[in-house]
Each structure stands twice: as C-alpha cells, then as structure tokens.
Amino acid sequence: MKINILIVGSGGREHAMAWKIKQSPKVNQLFIAPGNAGTSLLGINISVAVSDFEGLKKAVIVNQVDLVLVGPEGPLCDGLHDFFGADEQLKDVLFVGPYQHGAQLEGSKDFAKEFMIRHQIPTAKYLSVTSGNLNEGFAFLKTMNSPYVLKADGLAAGKGVLIINDLQEAEQSLQEMLDGQFGAASSKVVIEEFLSGIECSVFAITDGKDYRILPVAKDYKRIGEGDTGLNTGGMGAISPVSFANEVFMKKVEDRIIRPTVQGLQKDQIPYNGFIFFGLISCGGEPVVIEYNVRMGDPETEAVMLRIKSDFVDLLIGAADGTLADTTIEIDERSAVAVMLVAGGYPGSYEKGKVISGLDRIENSLVFHAGTRLIEGNVCSDGGRVLAVSSCGENMREALTCSYRSAELIHFEGHYYRKDLGFDI
Ligand code: AMP
Ligand code: GLY
C-alpha cells in the first residue's frame, strides 16, 4: 500500500527528509507545509504555518494524508500530536513526533534534568531556580567553579544558554533571566555544572518501546572558523564522528539511549518520534547536555545521506508501534553538510538575493534551508540559505566535494566556513 505523507516544517532538515522519503516506493504523494523552494521540487508545498493547527488539519483531510512527520520542536511542544489525537477525523493518522508531555524533554530543561536524575542518565550537576528560591540559586553558584552555565528552562530559539566566567556577572544574569530576559522561558533557570569536552549529536527514532539508532553527527555552531564568534543555527555538520567510535557508542546506548526509552515507558510517557541526544564526551565518557525531540539541523542534511534503508519504514514503525519489525542499514562512508549563509548572519542580513549556479551542481545535493521562489528565481529567504551535502570515502573527501560544489554557487554577500572538521 502506498501512503501520502505530510512533512511539517520549512528548513534544510525538512528538505533532506523529503529527499530521503521521496526515494521510498511506499510513497504516493508528498506534501510539505510550508516547505521552501527546494521542497517544491520533490513534493507539493502547502502554504500553512507550522503553528496553524487548524490549517494543518485541513491539509491532512483534503489531501488524504496517512502520515505526518513534524520537523521542528515548536508545534510538538505546543501539542500538535495531542491535537491530532483528540480529533475524531485525525486520530487515526500516523504521527511522527511526541505528544506535548514527551516534548518537554526539549521544552523544559528542568523536566529533562529531573527525568535524567530519575533514570540515572549521566548529566551535569544542576539546580533549578525560580524567584521563590533565588537565594538558594546564589548559594549554589558559589559552590560551583567558573565558568557558570545558566539555561532558560523553556524554549528560547536556541539563545537561552549563557556561559559566564565571572561569579558576580553570573549572579546578575540569573536575576535578569528570572526578571524576564527570555520572557516566560526564563521564569525558571537551570544552573548547571560546566562540562568540558567535545560534543556530538546522537539520534534515535522510537515508538516508545523499541528504538533504532541513526548515524551519529557533529555540528558546527559558531559563525567563525576555529569555532569563534557568535552562535548560529549551525554552519555545517559531519557524519560519522571519529571519536564517537564503537566503544563510545556502546556506552551511549547502554547508559543513555536505552535508559531514556525505558524511562519514558516507566514514566508512562508515550513517545513516537525522534530523540536527539546532545552529548559531550568528557574524557571518553558520554554525558547528556540536552535532549531535543526532533532531528538536528544541519545534522539531518548529512545523516540522511548515510541511511540506506527505507526511511518510510522507520517512520511508519515509529508511528504505529512496530519499530521492532524494522531494520536500519547505514552507509559506512562519510557525509557532510556545508551551510551557505547570508552576509551579516547571525546578525542582521538581507533576504531576496538571487541564487545562481544551482544547475551546475553534479556531485553534491543542495538542500534549501531558507529560500523562496521569486518570479521564477530561487532567492535567499533566511540567514541560513543552503546546505551543500556530499558523500565521500572519508570526511576529507566528502568535504572537498562539498567545497567544490559550494564554489559554483553564488548569491550576494554569501559566506560559509571552510574549516569544518578542523577539530577531528
Ligand atoms: P543547549 O541549548 O542546551 O544545546 O546549549 C547550547 C550549547 O551550550 C551546547 O551545545 C554546549 O556547547 C553549551 N553547553 C550547554 N550546557 C553546557 C554545560 N553544562 N557545559 C558546557 N557547555 C554547555
Ligand atoms: N544542530 C543542533 C540543533 O538542531 O539543535
């Protein structure tokens, strides 16, 4: 039986998923809401925002969608799965993405920390602070060593983590966060022990009972080469990651992935979807920095290239509770994604720049992150514009391929990091 699939989202992650899904013989029609210029080449874009639940409902009914895959965390934390579950017309639609309860693993740092402590999953020492126990917060800071890590409890568009060297400054920031620096998201703040080590992103897909581990990746968050300058949504990614070898990944599975899925079961939190483990390797020992309830971006733009199995089988398995019947086969080769961004990003930047050279790309895939068709031209429509993804026998080869392709693409002011993988 062939099915109709709706992907919710509009970034490079959703374009990469659309590319992978499109290869499945099980797909009839593919829809993307709202999608971008890239996804329009693979399926039908539907002009509905990810936050417009009624609009998504209409799109699902009109187009006889059988399976919904949610890309970003926002609609999951806002209860899109719960909305589907409670609706007579939608309740039987297969859904990939957790309910609001499980989505709190990303939506509330305090929830995630309590979950990890409860299930003995390795994570940094912490204290949750509100205006009610501020003095306890100050006292806790004094017991910690510099630098101090302060995290807004709620979603803060990736900006809610502050790392501060000076104790007085940390105390002041704690006060400011509680006073509403990140709105309601920082009415609670998690103070955390600083961990040093190298980070990686591990992904699993689960139906709440079984799980399958996707290729491990590493993203590069800073705008500048050598990991300098401001944080961005991600300047590129590599997969696999040499330090995340078999020994490390066994620890990750035994100490983190399995206990997380079993923890969800013990806590009676139904969960169908992806779990993204943001990990740090502290001398070879994996520790959880954060959970996300979705795939990473730009990691997905590399990871999708390494999944050999039918991705749709995994999606169906996660949604209907039959993941145990699926297998995942992974390509041993390397894949990378190099992000082309607008000049000025992550500060202010211009949109609407005409992109040229896309028709010259032969050996890479170009996933659109922020693009829009304007009078038939593909134009930039965001800070992160295109992910240039390639495979190779090793990371170097894959990077060389992406960099050669990137040289062929042009839009006014564009920038990309030329040093991805420098730390590996
Ligand atoms: P998050 O929003 O939780 O992903 O945090 C953003 C970034 O802050 C992470 O990718 C880490 O680089 C850094 N970070 C978060 N928590 C810690 C910690 N406890 N120790 C060191 N770095 C951290
Ligand atoms: N690349 C990190 C994230 O998607 O949050």
Should we count [atom1] of [X] as having more than 12 external heavy atoms under 6.0 Å?
X     : atom1 : value
Lys2  : NZ    : yes
Lys58 : NZ    : no
Gln64 : CD    : no

Practice task
Tell me, with the steps shown, if Lys125 and Glu193 meet salt bridge (Lys or Arg N to Asp or Glu O under 4.0 Å).
Solution key: CA-CA 5 Å; Lys125 208 160 74 179; Glu193 165 195 13; 5.8 Å; no
Look only at the side chain of [X] and the backbone of [Y], and say whether a donor-acceptor pair between them is shorter than 3.5 Å.
X      : Y      : result
Glu397 : Asn394 : no
Arg306 : Asp331 : yes
Arg222 : Gly234 : no
Ser402 : Val388 : yes
Asp310 : Ser24  : no
Glu290 : Gly278 : no
Asn4   : Asn63  : yes
Glu225 : Lys418 : yes
Asn272 : Ala318 : yes

Close aromatic pair by centroid cut-off 6.0 Å: Phe274 and Phe203:
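Ring-ring flag for Phe274/Phe203: false, centres at least 6.0 Å apart.
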query = Below 6.0 angstrom between ring centroids: does that apply to Tyr148 and Phe194?
reply =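 Ring centroids of Tyr148 and Phe194 are no less than 6.0 Å from each other.
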Taking the side chain as every heavy atom from C-beta outward, state whether [X] and [Y] have any atom pair closer than 4.5 Å.
X      : Y      : answer
Leu315 : Ile21  : yes
Glu192 : Lys109 : no
Leu214 : Met295 : yes
Ile328 : Thr326 : no
Ser364 : Arg404 : no
Val385 : His414 : no
Glu114 : Tyr126 : yes
Ser390 : Tyr403 : no

*Go through the steps to decide whether Tyr99 and Ile269 satisfy the test side-chain contact (heavy atoms from CB on, under 4.5 Å), and finish with yes or no.*
CA-CA 8 Å; Tyr99 293 97; Ile269 303 173; over 6 Å; no
Whether Lys113 and Asp153 form a salt bridge (side-chain N of Lys/Arg under 4.0 Å from carboxylate O of Asp/Glu) is what I want to check.
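Looking at Lys113 together with Asp153, the answer is no, because their closest N to O distance does not fall below 4.0 Å.
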Look at Arg255 together with Glu285 and state whether they make a salt bridge at an N to O cut-off of under 4.0 Å.
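Answer for the salt bridge query: yes.
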How are the rings of His15 and His368 set to each other: parallel, tilted or perpendicular (split at 30° and 60°)?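 If you compare the ring of His15 with that of His368, the planes turn out perpendicular.
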How many angstroms lie between atom [atom1] of [X] and atom [atom2] of [Y], to the nearest 0.5 angstrom?
X      : Y      : atom1 : atom2 : result
Ile32  : Thr39  : CD1   : OG1   : 4.5 Å
Leu408 : Ile361 : CG    : CD1   : 4.5 Å
Leu30  : Leu42  : CG    : CG    : 7.0 Å
Gln181 : Lys159 : CD    : NZ    : 12.5 Å
Ser239 : Met304 : OG    : CE    : 10.5 Å
Thr123 : Ile280 : OG1   : CD1   : 10.5 Å

Run the side-chain hydrogen bond (donor to acceptor under 3.5 Å, both in side chains) test on Ser108 and Asp110 for me, step by step, so that the C-alpha distance in whole Å, both residues' side-chain angles and the decisive distance to 0.1 Å come before the verdict. CA-CA 5 Å; Ser108 165; Asp110 178 54; 4.9 Å; no
Margin query: Side chains of Thr260 and Tyr291 only: does a donor on one sit below 3.5 Å from an acceptor on the other?
Written below: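 Yes, a side-chain donor-acceptor pair sits under 3.5 Å.
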| task | Apply side-chain hydrogen bond (donor to acceptor under 3.5 Å, both in side chains) to the pair Ser10 and Asn36, showing each step before the final yes or no. | result | CA-CA 6 Å; Ser10 64; Asn36 61 36; over 6 Å; no
Q.
Could you go through Asp267 and His119, starting from their C-alpha distance and side-chain angles, then the distance that decides it, and tell me whether this counts as side-chain hydrogen bond (donor to acceptor under 3.5 Å, both in side chains)?
A. CA-CA 10 Å; Asp267 292 350; His119 300 294; 2.8 Å; yes
Practice prompt. Starting from the C-alpha separation in whole Å, work towards a yes-or-no answer on side-chain contact (heavy atoms from CB on, under 4.5 Å) for His101 and Phe111.
Written response: CA-CA 10 Å; His101 192 182; Phe111 178 91; 4.0 Å; yes
Does the cation-pi check pass for Lys351 over Tyr349, that is, NZ or CZ under 6.0 Å from the six-membered ring centre and within 45° of its axis?
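The answer is no; the distance or angle limit is not met.
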* To do: State whether Tyr220 and Lys218 meet the cation-pi test: NZ (Lys) or CZ (Arg) under 6.0 Å from the six-membered ring centroid, and within 45° of the perpendicular axis.
  =>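 Yes; both conditions hold, so Lys218 lies above the ring face of Tyr220.
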